[in-house]
Participant: 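One structure is given below, represented as structure tokens, and several questions about it will come after.
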Amino acid sequence: MQLRVASYNIHKAVGLDRKRDPERILRVLHEIDADVVALQEADRRIGERTSVLPRAAIDDTHWRVIEVARRPRSIGWHGNALLVRRGIEVHSGEALELPTLEPRGAACGEIEIEGKLIRIIGTHLDLSGLRRRDQIRALLDRVHGCDRNLPTVILGDFNQWGRQTGAMREFGDHWEVLTPGRSYPSRQPVATLDRIAITRHWCCTETGVHHTPLAAVASDHLPVVAQLALTKK
């Protein structure tokens, strides 16, 4: 079973031209054409946490929202949202709390593809290395504490510069952390902040940073993409 996944910090749909343009973000998503997309900074941070991508616009795409929001005008949790290609069955969606001094969280969904149940988690980790470590531990405790050994993918803006240092060591031997490449800042990227972590159920056949002229101005981050194949039951 093949799965194309992507992670994209959309910067509240504000591009490098300082214009908020949700349609431009959606055009980038169409360029990527992933089965599952984890978005960061998808909701506004104040007030009703309104989605920066209108529901009506998402309804006109190939994707649907995995429902985790606790506010009616939001599509995510602390800015984290999950989109899944229409036709893929969604079993559940849940907002996860993460330990931190400022609001942070994760969006978790369970989906079924070709009869296989899969867990997807989208997150945006802290700027602080110590808090990042605590947040990764919390996510891993949640995954490993479940009595079902589900193939799992964690995607997001990890805010981590080192590829195998610091908080990344928390993943240990049971996970593979994919670092597709430099994704920030989008015009001339130098930092590998955006990552994808997978359990050993998966084999990664391809990774990349989606660096097109449109993506270079639509947000301050570039999307990262991975092609995964399920290898273990």
Participant: Please check if the side chain of R104 supplies one atom and the backbone of L125 the other of a donor-acceptor pair under 3.5 Å.
Facilitator: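 At least one qualifying donor-acceptor pair exists.
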Participant: When rounded to the nearest 0.5 angstrom, what is the spacing between CD1 in I136 and CD1 in I154?
Facilitator: 8.0 Å
Participant: When you look at L228 and V5, which way does the side chain to side chain contact (heavy atoms under 4.5 Å, CB included) test go after all the steps?
Facilitator: CA-CA 8 Å; L228 307 178; V5 301; 4.1 Å; yes
Participant: Would a 4.5 Å heavy-atom cut-off, applied to side chains only, mark E41 and K12 as touching?
Facilitator: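 The answer is yes, as the side chains (C-beta and beyond) meet within the 4.5 Å cut-off.
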Participant: Between R137 and D134, is the closest basic N to carboxylate O distance under 4.0 Å?
Facilitator: yes
Participant: Would you indicate whether the side-chain heavy atoms of H201 and N149 approach each other to under 4.5 Å?
Facilitator: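 N149 vs H201: side chains touch.
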Participant: Could you tell me whether the side chain of T199 and the main chain of T152 form a donor-acceptor pair under 3.5 Å?
Facilitator: yes
Participant: After noting the C-alpha distance and the side-chain angles of V28 and T212, does the key distance pass the side chain to side chain contact (heavy atoms under 4.5 Å, CB included) rule?
Facilitator: CA-CA 9 Å; V28 174; T212 63; 5.5 Å; no
Participant: Looking only at heavy atoms, what is the nearest atom pair of G93 and I66, with distance?
Facilitator: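 Smallest heavy-atom distance, with atoms named: CA-CG2, 3.8 Å.
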Participant: Can you check whether R148 reaches L117 side chain to side chain, under 4.5 Å on heavy atoms?
Facilitator: yes
Participant: Within the structure provided, determine whether I58 and R64 are in side-chain contact (heavy-atom separation under 4.5 Å).
Facilitator: no
Participant: Determine the sole option in L83, L26, V84, V36 for which the side-chain contact (heavy atoms from CB on, under 4.5 Å) test with W63 is passed.
Facilitator: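 Running side-chain contact (heavy atoms from CB on, under 4.5 Å) over L83, L26, V84, V36 with W63 returns exactly one hit, L83.
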Participant: P22 versus V52: any side-chain heavy-atom pair under 4.5 Å?
Facilitator: no
Participant: How many angstroms lie between CG in D194 and NE2 in H210, if you round to the nearest 0.5 Å?
Facilitator: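 Result: 13.5 Å between the selected atoms.
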Participant: Hey, mind stepping through I111 and L82 against side chain to side chain contact (heavy atoms under 4.5 Å, CB included) and telling me if it holds?
Facilitator: CA-CA 11 Å; I111 61 177; L82 295 172; over 6 Å; no
Participant: Indicate yes or no for a side-chain donor-acceptor contact from R133 to the backbone of R169 under 3.5 Å, with no hydrogens or angles considered.
Facilitator: no
Participant: Looking only at non-hydrogen atoms, find the nearest pair between I198 and C204 and report the distance.
Facilitator: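 In terms of heavy atoms, the two residues are closest at CD1-CB, 4.3 Å.
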Participant: Look at the side chain of T192 and the backbone N and O of W161, then say whether any donor-acceptor pair between them is shorter than 3.5 Å.
Facilitator: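 Judged by distance alone, yes, a pair lies under 3.5 Å.
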Participant: Side chains of residues 174-181: which donor-acceptor partners sit under 3.5 Å, not counting sequence neighbours?
Facilitator:
| from | atom 1 | to | atom 2 | distance (Å) |
| --- | --- | --- | --- | --- |
| W175 | NE1 | H144 | NE2 | 3.1 |

Participant: If we count only N and O atoms by modelled type, under 3.5 Å, do the side chains of S219 and H221 hold a donor and an acceptor together?
Facilitator: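 No.
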Participant: Kindly determine whether W77 and D43 satisfy side chain to side chain contact (heavy atoms under 4.5 Å, CB included), including the steps that lead there.
Facilitator: CA-CA 8 Å; W77 176 240; D43 295 333; over 6 Å; no
Participant: Carefully, step by step, assess R132 and Q160 under the rule side-chain hydrogen bond (donor to acceptor under 3.5 Å, both in side chains).
Facilitator: CA-CA 8 Å; R132 269 200 308 277; Q160 175 76 37; 3.1 Å; yes
Participant: If we only count heavy atoms from C-beta on, is the V209 to R182 side-chain gap below 4.5 Å?
Facilitator: no
Participant: Is the shortest heavy-atom distance from the side chain of R119 to the side chain of R142 under 4.5 Å?
Facilitator: no
Participant: So which heavy atom on C108 is nearest to which on I121, and how close?
Facilitator: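 The pair with the smallest heavy-atom distance is SG-CG1, 3.9 Å.
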Participant: So that I can tick it off, tell me whether R70 and E97 are bridged by a salt bridge, with the cut-off set at under 4.0 angstrom between side-chain N and carboxylate O.
Facilitator: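 A salt bridge links E97 with R70.
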Participant: Any donor and acceptor pair, going by atom type alone, linking the side chain of R4 with main-chain N or O of I32 inside 3.5 Å?
Facilitator: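 Flag set: sc R4 to bb I32 pair under 3.5 Å.
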Participant: Is the shortest side-chain N to carboxylate O distance from D33 to R85 below 4.0 Å?
Facilitator: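 Result for this pair is yes, salt bridge flagged.
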Participant: Taking all heavy atoms of I10 and all of A42, pick out the closest pair and write down the distance.
Facilitator: CD1-CA, 3.8 Å
Participant: Hey, does the side chain of D17 reach the backbone of V217 with a donor-acceptor pair shorter than 3.5 angstrom?
Facilitator: no
Participant: Counting only heavy atoms not in E31, do more than 12 fall under 6.0 Å of its CD?
Facilitator: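 Counting neighbours around CD of E31, more than 12 heavy atoms of other residues, nucleotides or ligands fall under 6.0 Å, so yes.
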Participant: For H124 and D157, run side-chain hydrogen bond (donor to acceptor under 3.5 Å, both in side chains): C-alpha distance rounded to whole Å, both residues' side-chain angles, the deciding distance at 0.1 Å, then the answer.
Facilitator: CA-CA 5 Å; H124 189 177; D157 180 352; 3.1 Å; yes
Participant: So which atom in S74 and which in R55 form the shortest heavy-atom distance, rounded to 0.1 Å?
Facilitator: O-NH2, 3.3 Å
Participant: For P99, does its backbone N or O pair with a side-chain atom of Q135 as donor and acceptor, under 3.5 Å?
Facilitator: yes
Participant: What are the two closest non-hydrogen atoms of P189 and L222, and how far apart are they?
Facilitator: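 Result for this residue pair: CG-CD1, 3.9 Å.
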Participant: Answer whether the closest heavy-atom distance between the side chains of R195 and V224 falls below 4.5 Å.
Facilitator: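 No - every pair of side-chain heavy atoms lies 4.5 Å or more apart.
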Participant: Which distance, rounded to the nearest 0.5 Å, do you find between the CD1 of I88 and the NE2 of H62?
Facilitator: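 So the gap between those two atoms works out to 12.5 Å.
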Participant: More than 12 heavy atoms of other residues, nucleotides or ligands under 6.0 Å from CZ of R187: is that the case?
Facilitator: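 Count not over threshold, so no.
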